[in-house]
Amino acid sequence: MSTGAPPETARPEAAGRPAAARRRARRPGGRPLLYTSYAQDMALLDTRAKKIWFYGIVLAALLASQVLVDDMLSLLAMAYVVAIGAIGLNIVTGYAGQVSLGHAFFLAIGAYTGAAISGDPDGRVLGLGVTSILVWLPAAGLAAALAGVIVAPLATRLRGLYLAIVTLGLVFLGEHIFKEWDQLTGGPGVGRPAAVVELFGLRLDRPGPLGSKEQQLYLLMLVLLVVFAVAARNLARSRIGRGFAAIRDRDIAAEVIGVPLTRYKLLAFAISSFYAGCAGALLYTVTGFFDPGSFNLLMSVQFIAMVLIGGVATISGSIAGALFITLLPRLTRELPALVPVISADTTQTPNVFQVETVLYGLLIVLFLVFEPRGLFGVWIRVRNYWKSWPFSY
Amino acid sequence: MTGDGGTPVLEVEDVGLAFAGVTAIDGVSFDVRPAELFAVIGPNGAGKTSVFNVLSGVYRPQRGRVRFLGEDILSRRPHEIAAMGLARTFQNVELFHNLTVLDNLMLGRHHHFRYGALAALAWLGRARRQELAARAAVEDIIDFLELAAWRRHPVRLLPYGVQKRVELGRALAMEPRLLLLDEPVAGMNLEETEDTARYVLDIRDELGIPIVLVDHDMGLVMDLADRVLVLDFGRRVALGTPAEVQRDPKVIEAYLGGSS
Ligand SMILES: Nc1ncnc2c1ncn2[C@@H]1O[C@H](COP(=O)(O)OP(=O)(O)O)[C@@H](O)[C@H]1O
Ligand SMILES: [Mg+2]
């Protein structure tokens, strides 16, 4: 037999490691990679390093709410919401392999559901006046999930590029409907107020016990991102996440071992769209107002970019990609001051917006060519380098 | 010799399958009995893989009947047939190549899980318990097939022979009532072939799972099988014990007459 597997005793992990990893595990100071039970082996944060990273980052993010200026907190709060949306796209595209360019459409459905449920009943646009986030957030997610379920049958008929193009059609369809339906959306160029954020009678979009409006919203989005991210990781390691990966890698074999193809594609779209819907409902609560023109092709492409740049089929990658793409404009806005050729005026060429668009494209291409695993892959490389330090090979 | 008596696990009656004029299976009938090791042999293009595709629901034949555990399965979807307990491997390994050995085997247990999307998102008690139980079952298979050294490796990085073994493991993880193996030793060296033969016999003898084994040459099959079905051009040439089949002049012609 080609393996010549020695009779290992330390199940389940130590036995499975290649020799190099086992050597490393015995390094003084390093934690021996020996699990004492399957429960520990299958835990979400299965190594101490992961635990430290996870709690460390959450703690740092919490502290940031006290340290950063409000303007920066607003930007980060939006980035966290965008990350929820990016995780959603990664579920359907990264895990289940169904390329969707229609993500902006599902965000729009969530945004309008949330805004309409919580909006002022006597206002200019549709509003039901139910301001509790515990009502409108799940409702926004469910409305988008329902739309996802309706769209999913397309995925059982079309694959790859064809599916991408048809889902792109959704974005154009949505743009048209939302621009026309001004009782709901306020119409293009005018827009409508975003959802009202109220939790247990407390308005989070006004200064309150947790600090300024920005600090409160920042903390809310942080908590929600952690909840959505952990849930997505759970999903990914469950029978359902494995089923998604199976239909992505080999759909015939998936069916033959018992994964119902149609149902799993439906589920992938439903869950992905639920995430998108929640993200859509939350996204504009930071700025307070939104326009039906926001949910366009560029938004869908940005989400694709987040998934590709962050890392396909990784949750942490989705978050990294979302932070990266959301914070990028903040950097490019500085360009006119540094590089006078680039104008801040949209009527001039080249202007910062053109530079941004080119940059997205360039980054996607560079990552696809040099690091298909995205930022997640970069992280793995860095980690492996340090793991073997000082014996780098 | 096992496999005599008892109601058949699988009954195939007069199955016919054609693709736009090409006849792949032409009125083939056979049955597989409990704990039997049943072999299907025939030259390339004889229709062996097509028979498997019909049994697992990938192809729908134009005529005939297939009963598995007494139930008609021709109108069922592949995943429903899998849930009834029919497992198979593929001639050209069809693993989920980005996933680890562990995840591929866990996928074999897919239809044994009884929890939904909400439990999965929250990793609630039920989901966690079932995952742990499945993991324990999968570890037994890892031990049995000596895959421990590869547990965490993505299968695309594994040598071909190991991939074949992982695929066998995935099928076993389904806890099948019938196991179909499509050319399990194709492309293997002598040592790997002998190991595979040992696994196949262990599966039948220790787990009591009936097996249908496809091979394109007679060597392995003649030593292992209880009965042999010989196919050529989609038609049944012979059916009987290895000794009977080996003496059959029609079989000798199919193997020596056509190819030399
Ligand atoms: N999907 C298909 N489309 C068209 N022809 C097929 C298909 N599958 C099998 N065939 C034909 O059916 C015949 C039997 O093929 P197959 O069952 O693969 O044979 P074997 O496994 O015995 O080598 C061959 O002539 C093959 O070309
Ligand atoms: Mg074949």
Side-chain angles (χ1 to χ4, degrees), chain A residues 1-8 10-19 21 37-39 41-44 97 227-228 230-243 245-264 267-268 270-271 274 312-313, chain B residues 56-58 77-83 87-88 90 94-99 101-104 106-113 115-117 119-123 127-128 130-132 134-136 139 142-143 146-153 159 161-162 165 170-171 173-174 189 191-192 195:
Chain A
M1 186 101 317
S2 52
T3 65
E8 301 273 9
R11 276 175 44 182
E13 174 57 89
R17 285 278 168 162
S37 71
Y38 298 140
D41 185 34
M42 295 168 81
L44 202 53
V227 170
F228 276 90
V230 169
R233 277 290 280 123
N234 283 339
L235 185 79
R237 65 184 167 139
S238 74
R239 67 185 287 235
I240 293 170
R242 285 193 300 267
I247 63 174
R248 172 195 68 202
D249 282 0
R250 274 186 201 277
D251 51 1
I252 300 286
E255 268 204 298
V256 165
I257 61 151
V259 182
L261 221 56
T262 313
R263 199 189 313 158
Y264 267 66
L267 204 54
I271 297 173
F274 184 90
V312 171
Chain B
S56 53
V58 178
R77 307 276 314 147
H79 68 86
E80 294 168 334
I81 297 172
R88 72 174 282 190
F90 295 82
E94 300 266 351
L95 287 167
F96 308 111
H97 52 264
N98 291 315
L99 303 186
V101 170
L102 208 47
D103 278 339
N104 270 278
M106 288 290 270
L107 264 161
R109 300 197 60 80
H110 189 82
H111 66 269
H112 291 289
F113 290 104
Y115 68 85
L121 286 160
W123 202 251
R128 189 169 172 276
Q130 291 182 16
E131 289 285 336
L132 287 174
R135 175 65 188 274
E139 288 294 336
I142 287 180
D143 278 351
E146 296 162 77
L147 286 167
W150 315 97
R151 196 186 272 113
R152 305 248 162 210
H153 291 240
V162 180
R165 233 184 317 150
R170 186 180 66 184
M174 293 170 71
N189 62 31
E191 198 191 347
E192 289 171 327
D195 282 330

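Just so we're clear, the structure is a prediction, and the values are computed from it rather than from any experiment. We name chains A, B, ... by the order of the sequence lines, and we start the count at 1 in each one.
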Checklist line | Heavy-atom contact with chain A under 4.5 Å, split by part of B:R128 | finding: side chain
Checklist line | Listed partners of B:I81 passing side chain to side chain contact (heavy atoms under 4.5 Å, CB included), at least two apart | finding: B:I73, B:R76, B:L86
Next item on the list: Check side chain to side chain donor-acceptor pair (under 3.5 Å) between B:E131 and all other residues, then give those that pass, not counting sequence neighbours.
Entry: A:R242, B:Y115
Note to self: Given heavy-atom pairs under 4.5 angstrom as the criterion, report whether the side chain, backbone, both or neither of B:L95 touches chain A.
What the structure shows: backbone
Next item on the list: Write down the atom of B:F96, the atom of A:D249, and the distance for their closest heavy-atom approach.
Entry: C-OD2, 3.6 Å
Checklist line | Part of A:F228 lying under 4.5 Å from any heavy atom of chain B | finding: neither
Notebook entry, point to check: Out of A:L235, A:V230, A:V227, A:I271, which one racks up the most heavy-atom pairs below 4.5 Å with chain B?
Noted result: A:L235
Notebook entry, point to check: So what's closer than 4.5 Å to chain A heavy atoms on B:F90: side chain, backbone, both or neither?
Noted result: side chain
Check: Given that the side chain runs from C-beta out, which part of B:M174 has a heavy atom under 4.5 Å from chain A: side chain, backbone, both or neither?
Finding: side chain
Checklist line | Over all atoms of both residues, closest heavy-atom pair of A:G243 and B:H110 | finding: CA-CE1, 4.3 Å
Checklist line | Euclidean distance, A:R250 CZ relative to B:N98 CG, rounded to 0.5 Å | finding: 10.0 Å
Next item on the list: Return the option, out of B:P78, B:A87, B:A117, with the maximum number of heavy-atom pairs under 4.5 Å with chain A.
Entry: B:P78
Margin query: At a heavy-atom distance under 4.5 Å, which candidate from B:L102, B:L132, B:L107, B:N189 has the highest pair count against chain A?
Written below: B:L107
Note to self: Show the nearest heavy-atom pair for residues A:N234 and B:A120, with the distance to one decimal.
What the structure shows: CB-O, 3.1 Å
Item checked: A:A236 portion near chain B, given a 4.5 angstrom heavy-atom threshold -> neither
Margin query: Using a 4.5 angstrom heavy-atom cutoff, name the option from B:Q130, B:M106, B:H111 with the most pairs to chain A.
Written below: B:M106
Checklist line | Portion of A:R237 that has a non-hydrogen atom of chain B nearer than 4.5 angstrom | finding: both
Notebook entry, point to check: Side chain, backbone, both or neither: which part of B:A83 has a non-hydrogen atom closer than 4.5 Å to chain A?
Noted result: neither
Checklist line | Atom pair CD1/NE2 of A:I257 and B:H79 - distance to nearest 0.5 Å | finding: 12.5 Å
